[in-house]
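Just so it is clear, the structure is predicted and the values come from calculations on it, not from any experiment.
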Amino acid sequence: RDKNYSPVNFGWNDKAATLIPFEDKGIIKEIKFRVRDYSGVKGLKYLPFKANIYTVGDDGRPAVPLIENDLLVENEEGKNWAGADVTNYNIKVPEEGLFLVFIIPEREFYDIDFIQAKVGIISAVPLLSRASRTDDRFSYRLEYASGCECYMWLFEKHHYFRMDVEYVK
């Protein structure tokens, strides 16, 4: 059982990004996401989602996607870590790090819109596990800011979304 913070319920078109700090380990083989079920609803971690890798902008937030088209991540076996092979993109973590980005596609991507959970009705989309934030492992979440009527990457103060990489050996 995962003893870390409870997951956050995402909705359609949501994005979350976690910094992967620099490690001189070569080319990234796989990007991984710690998916899980939520509030008594089984099977959410089996649902597909999209992912990408972003550069770190001058402001320290996610900036530019490194992969032209978002990758489809499927977890048909319901493993705790869902991943995608990115070996062919020959991506290395630069000194400033990079961001793994978890993407919930548009509503039409999923067969079911909403589902009843212990906490009430929730979006029927995958969720990520969280852990306590550290100096070199932190996250942002893309949120709509009504003040500017735009989307902004907002810093997650107390936790990070559990995402990671594996390197080519």
- Positive for side chain to side chain contact (heavy atoms under 4.5 Å, CB included) with Ser139, one of Trp153, Phe155, Phe102, Tyr160: Tyr160
- Message: Can you list everything that forms a side chain to side chain contact (heavy atoms under 4.5 Å, CB included) with Pro105? Sequence neighbours excluded, please.
- Response: Lys50, Phe109, Tyr110
- Message: Using the side chain to side chain contact (heavy atoms under 4.5 Å, CB included) criterion, which residues pair with Lys79? Sequence neighbours excluded.
- Response: Asn75, Glu77
- Query: What about Val41 and Ile104, same hydrophobic cluster or not, with Ile/Leu/Val/Met/Phe/Trp/Tyr joined at side-chain heavy-atom distances under 4.5 Å?
  - Reply: yes
Under 3.5 Å donor-acceptor, [X] side chain and [Y] backbone:
| X | Y | answer |
| --- | --- | --- |
| Arg133 | Lys157 | yes |
| Ser39 | Val119 | yes |
| Asp164 | Lys32 | no |
| Thr55 | Val64 | yes |
| Asn80 | Arg36 | no |

- Note on the structure: Residues Leu98 and Lys92: closest non-hydrogen pair is CD2-O, 4.0 Å
- How far apart are the C-alpha atoms of Phe161 and Phe10, what are their side-chain angles, what is the distance that settles it, and do they pass the ring-ring contact (aromatic ring centres under 6.0 Å, His included) test? CA-CA 12 Å; Phe161 295 108; Phe10 290 99; 5.6 Å; yes
- Message: A side-chain contact here means heavy atoms from C-beta on lying under 4.5 Å apart; do Thr18 and Arg137 qualify?
- Response: yes
